[in-house]
> 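Here it is, the structure, as structure tokens.
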Amino acid sequence: MEAEPPLYQVAGAAGPQGDEDRLGVPDGPEAPLDELVGAYPNYNEEEEERRYYRRKRLGVLKNVLAASVGGMLTYGVYLGLLQMQLILHYDETYREVKYGNMGLPDIDSKMLMGINVTPVAALLYTPVLIRFFGTKWMMFLAVGIYALFVSTNYWERYYTLVPSAVALGMAIVPLWASMGNYITRMAQKYYEYSHYKEQDEQGPQKRPPRGSHAPYLLVFQAIFYSFFHLSFACAQLPMIYFLNHYLYDLNHTLCNVQNCGTNSQGILSGFNKTVLRTLPRSRNLIVVESVLMAMAFLAMLLVLGLCGAAYRPTEEIDLRSVGWGNIFQLPFKHVRDFRLRHLVPFFIYSGFEVLFACTGIALGYGVCSVGLERLAYLLVAYSLGASASSILGLLGLWLPRPVPLVAGAGLHLLLTLILFFWAPAPRVLQHLWILYAAAALWGVGSALNKTGLSTLLGILYEDKERQDFIFTIYHWWQAVAIFTVYLGSSLPMKVKLAVLLVTLVVATASYLWMEQKLRRGVVPRQPRIPRPQHKVRGYRYLEEDNSDESDAEDERGGGGGGRGDGVEEEVPPVGPKSGPEPAGLCRRPCPFEQAQGGDGPEEQ
């Protein structure tokens with residue numbers, strides 16, 4: 001009687017075909033090792049490389065979208081809360097009933113001073129903070145400070161609102177400088193991942209051609225500012241769905257207003273001191289502030305969880321290792337560059353025009369004539385016009401570089417001249433469509449201005465060692481312009497329009513002069529970025545062009561033979577040693593070699 005075959009084959013035992021399986025490969029101890037640990041037979045290296053870099057490009061797009069949505073939520077929450085807070089605190093009845101003699105107007109004035117004055121000192125600390133924390137973590141920290149400002153409105157007191165406003169003022173320039181740097185770095189990374197074959201042929205140490213990332217930068221800046229300008233519309237949601245139900249109509253709030261538009265002086269002179277028909281319940285205010293707090297927290301999570309790093313770890317180390325004194329000085333040294341000097345008037349105008357949209361058009365022309373209940377819709381018109389027109393920045397892909405920026409300046413020039421001679425009558429709604437059109441067209445010019453300037457800086461300054469300095473200078477001048485508007489808020493509207501007009505003309509002429517110099521071949525004078533000076537010992541990267549090696553190592557590698565502070569010296573052996581000396585520097589045996597009783601491998 002034949003024995004039944006075992007249910008499970010014994011490992012290494014001969015199968016029905018002897019020592020070979022169905023594929024003809026020997027089994028058991030005779031099986032070739034390559035069949036077990038070798039490469040997958042259907043592996044396509046080129047296809048896998050293509051898929052890898054496609055995932056990298058999708059990751060860059062995810063970073064851009066996350067940073068854009070995070071910036072939109074952050075600024076929308078900040079503007080919406082500040083606008084609602086100032087309207088509530090303006091009402092006399094609300095102040096007396098809710099807070100008595102606490103002095104809310106004085107607290108609000110000091111809070112606005114903290115927000116507008118503190119950024120003037122940002123040039124001293126912004127580059128140091130960005131290099132210390134890194135671009136992504138600086139964005140996260142600044143968004144967290146914005147969330148802190150939102151949280152202090154749960155308990156409105158001097159010791160909560162004013163310190164949080166000062167902290168917010170300190171975070172404004174670092175946030176937007178790191179955002180601009182981040183979007184530019186993403187465009188450069190996308191170029192690297194799209195042209196990886198060219199990078200392999202040229203070598204890892206060779207820089208890509210100048211201007212090669214410009215098309216991607218135009219697209220990414222258009223995406224970023226499309227989302228950013230939507231923040232003005234998001235900021236109006238608390239007004240539209242909550243606060244508008246408590247406001248008086250224009251016949252009550254504008255009963256004492258005599259002049260609007262170009263004939264007005266200050267901000268809403270003659271406006272009624274009571275704007276609320278009924279006071280909102282504290283429970284409803286807490287619900288609205290909780291929703292805003294949740295949006296601020298969501299912005300923090302987006303930046304933390306979805307935004308990848310702007311630089312590789314080795315690049316972050318190199319950026320920090322140029323010395324903190326040099327990092328502090330380099331923004332000031334970049335004043336030598338004539339390109340930045342010519343762009344400073346445009347930086348200042350960029351701060352003027354966005355404040356004029358929120359205070360001049362929206363308040364001096366809009367609220368002054370059609371009432372506070374239509375403020376939200378005017379700013380929504382500005383926001384949607386700016387967001388939709390940010391796509392016009394893509395015209396730079398086909399048109400000469402100055403065209404979008406000069407076109408936005410020309411549109412603002414035309415609107416400023418029209419506003420200079422227009423004084424709408426108070427409490428008249430027939431010209432409401434003109435206000436909406438003016439706000440939307442001003443948004444178109446703002447979009448061309450913002451996208452054009454950020455793209456221009458990313459194209460002119462491609463070196464990753466300079467970008468954070470350049471965007472810091474740009475947003476610092478914007479902050480100085482906003483501070484100037486804050487100081488001159490009580491001036492007549494004609495003076496504000498005249499200053500705006502002169503700044504715009506000077507900025508456009510200065511920019512065109514800069515482009516003319518570049519076409520003539522004038523070479524800009526840029527400050528030298530010092531080489532990284534690493535203090536660590538032992539760990540070195542393996543590239544031939546070692547970014548971490550010290551000057552002493554570089555000289556020794558080139559035949560100089562010098563030693564620096566970061567190079568360890570070998571102690572010569574004390575006792576006699578048999579045999580010839582090794583040709584190179586001796587090294588101590590590793591612990592495994594010591595355990596084996598050897599002195600390390602022989603030098604070849």
> Let me see the working for H252 and T274 under side-chain hydrogen bond (donor to acceptor under 3.5 Å, both in side chains), right down to the final yes or no.
CA-CA 9 Å; H252 175 83; T274 56; 3.1 Å; yes

> Any chance you could lay out the side chain to side chain contact (heavy atoms under 4.5 Å, CB included) test for F469 and R131, step after step, and finish with the verdict?
CA-CA 10 Å; F469 302 129; R131 291 289 174 100; 3.3 Å; yes

> L375 and A362: which non-hydrogen atoms are nearest, and at how many Å?
CD1-CB, 3.8 Å

> Between F232 and Y382, how do the two ring planes meet: parallel, tilted or perpendicular, split at 30° and 60°?
perpendicular

> Contact between V64 and S68 at the side-chain level, heavy atoms closer than 4.5 Å - yes or no?
yes

> Can you name the closest pair of heavy atoms from L453 and S350 and give their distance?
CD1-CB, 4.0 Å

> Could you check whether atom NZ of K273 has more than 12 heavy atoms from other residues, nucleotides or ligands sitting under 6.0 Å from it?
no

> So for atom CZ, which belongs to F132, do other residues, nucleotides or ligands contribute more than 12 heavy atoms lying within a distance under 6.0 Å?
no

> Does S390 reach the side chain of H229, with side-chain heavy atoms less than 4.5 Å apart?
yes

> State, with a plain yes or no, whether a side-chain heavy atom of Y349 is found less than 4.5 Å away from one of N449.
yes

> As an exercise, state the distance from CD1 of I361 to OH of Y436, rounded to the nearest 0.5 Å.
14.0 Å

> State whether the side chain of S454 and the backbone N or O of T451 hold a donor-acceptor pair below 3.5 Å, judged by distance alone.
no

> Give a yes-or-no answer on whether the side chains of S387 and Y225 include a donor-acceptor pair shorter than 3.5 Å.
no

> In sequence, state the C-alpha distance, the side-chain angles, and the governing distance for I470 and Q467, and then conclude on side chain to side chain contact (heavy atoms under 4.5 Å, CB included).
CA-CA 5 Å; I470 300 304; Q467 288 169 357; 5.7 Å; no

> For side chain to side chain contact (heavy atoms under 4.5 Å, CB included), just list the numbers for M84 and L88, CA-CA rounded to whole Å, side-chain angles, deciding distance to a tenth of an Å, and then say yes or no.
CA-CA 6 Å; M84 186 176 70; L88 290 175; 4.1 Å; yes

> If you compare all heavy atoms of L415 against all heavy atoms of A438, which two are closest, and at what distance to 0.1 Å?
CD1-O, 4.3 Å

> Apply the test side chain to side chain contact (heavy atoms under 4.5 Å, CB included) to residues V444 and L411: give CA-CA distance (whole Å), side-chain angles for both, the deciding distance (0.1 Å), then the verdict.
CA-CA 8 Å; V444 174; L411 180 59; 3.8 Å; yes

> Taking the six-membered ring for Trp, are F242 and Y246 closer than 6.0 Å centroid to centroid?
yes

> Please verify the inter-ring angle class for Y461 with H334; under 30° counts as parallel, over 60° as perpendicular, anything in between as tilted.
perpendicular

> Is there side-chain contact between I473 and L340, with heavy atoms separated by less than 4.5 Å?
yes

> If we ignore hydrogens and angles and just use 3.5 Å, is the side chain of S383 paired with the main-chain N or O of A233 as donor and acceptor?
yes

> Heavy atoms, side chains only, cut-off 4.5 Å: are L504 and L500 in contact?
no

> Contact between S226 and I391 at the side-chain level, heavy atoms closer than 4.5 Å - yes or no?
yes

> Does a salt bridge link K136 with E316, judged by any charged N lying under 4.0 Å from a carboxylate O?
no

> Quick one: CD1 on I327 to CD1 on I130, what's the gap to the nearest 0.5 Å?
10.5 Å

> Locate the shortest heavy-atom distance separating G180 from T184; write the atom from each residue and the value.
O-OG1, 2.9 Å

> Begin from the C-alpha positions of N153 and Q85 and carry the test side-chain hydrogen bond (donor to acceptor under 3.5 Å, both in side chains) through to its verdict.
CA-CA 9 Å; N153 283 268; Q85 182 188 45; 2.5 Å; yes

> Kindly indicate whether the side chain of N256, heavy atoms from C-beta on, has any atom under 4.5 Å from the side chain of F271.
no

> Taking S489's backbone N and O only, do any of them form a donor-acceptor pair with K496's side chain (distance below 3.5 Å, no angle check)?
yes

> Look up atom CG in L276 and atom OH in Y248, then write down how far apart they are to the nearest 0.5 Å.
8.5 Å

> Say whether, by atom type as modelled, one donor and one acceptor occur between the side chain of R374 and the main chain of G366 under 3.5 angstrom.
no

> What distance do L124 atom CG and T472 atom OG1 have between them, rounded to the nearest 0.5 Å?
11.5 Å

> Any idea which heavy atoms bring S164 and F149 closest together, and the distance?
OG-CD1, 3.6 Å

> On the 0 to 90° scale, with breaks at 30° and 60°, tag the W442-F356 ring pair as parallel, tilted or perpendicular.
tilted

> Check whether any side-chain heavy atom of V69 lies under 4.5 Å from a side-chain heavy atom of L298, and answer yes or no.
no

> Passes side-chain hydrogen bond (donor to acceptor under 3.5 Å, both in side chains), T152 versus T160? Steps please.
CA-CA 6 Å; T152 56; T160 58; 5.4 Å; no

> Show your working on salt bridge (charged side-chain N to carboxylate O under 4.0 Å, His left out) between D106 and K110 and close with a plain yes or no.
CA-CA 6 Å; D106 181 63; K110 286 185 171 57; 2.9 Å; yes

> Can you tell me how far CZ of F421 sits from OG1 of T416, rounded to the nearest 0.5 angstrom?
11.5 Å

> Inspect the surroundings of OH in Y241 and state if more than 12 heavy atoms from other residues, nucleotides or ligands are less than 6.0 Å away.
no

> Quick check against the 3.5 Å criterion: does E373 have a side-chain atom that pairs as donor or acceptor with the backbone of L250?
yes

> Can you label the angle between the F228 ring and the Y75 ring as parallel, tilted or perpendicular, going by 30° and 60°?
tilted

> For the side chain of R277 and the backbone of H245, is there at least one donor-acceptor N/O pair under 3.5 Å apart?
yes

> To the nearest 0.5 Å, what is the distance between CG on D249 and CG on L372?
11.0 Å

> Between S490 and Q265, does any side-chain donor sit less than 3.5 Å from a side-chain acceptor?
no

> Please check if the side chain of H475 supplies one atom and the backbone of V173 the other of a donor-acceptor pair under 3.5 Å.
no

> Could you pull out the closest heavy-atom pair between V166 and T118, with the gap in Å?
O-CG2, 3.7 Å

> For S282 and K98: C-alpha separation, side-chain torsions, deciding distance, then whether side-chain hydrogen bond (donor to acceptor under 3.5 Å, both in side chains) applies.
CA-CA 9 Å; S282 298; K98 292 278 187 178; 2.8 Å; yes

> With a 3.5 Å distance limit and no angle check, can you tell me whether W476 reaches the backbone of V120 through a side-chain donor-acceptor pair?
yes

> Are the side chain of R427 and the backbone N or O of L254 linked by a donor-acceptor pair below 3.5 Å?
yes

> Would you say the side-chain atoms of S290 pair up with the backbone N or O of I286, donor to acceptor, closer than 3.5 Å?
yes

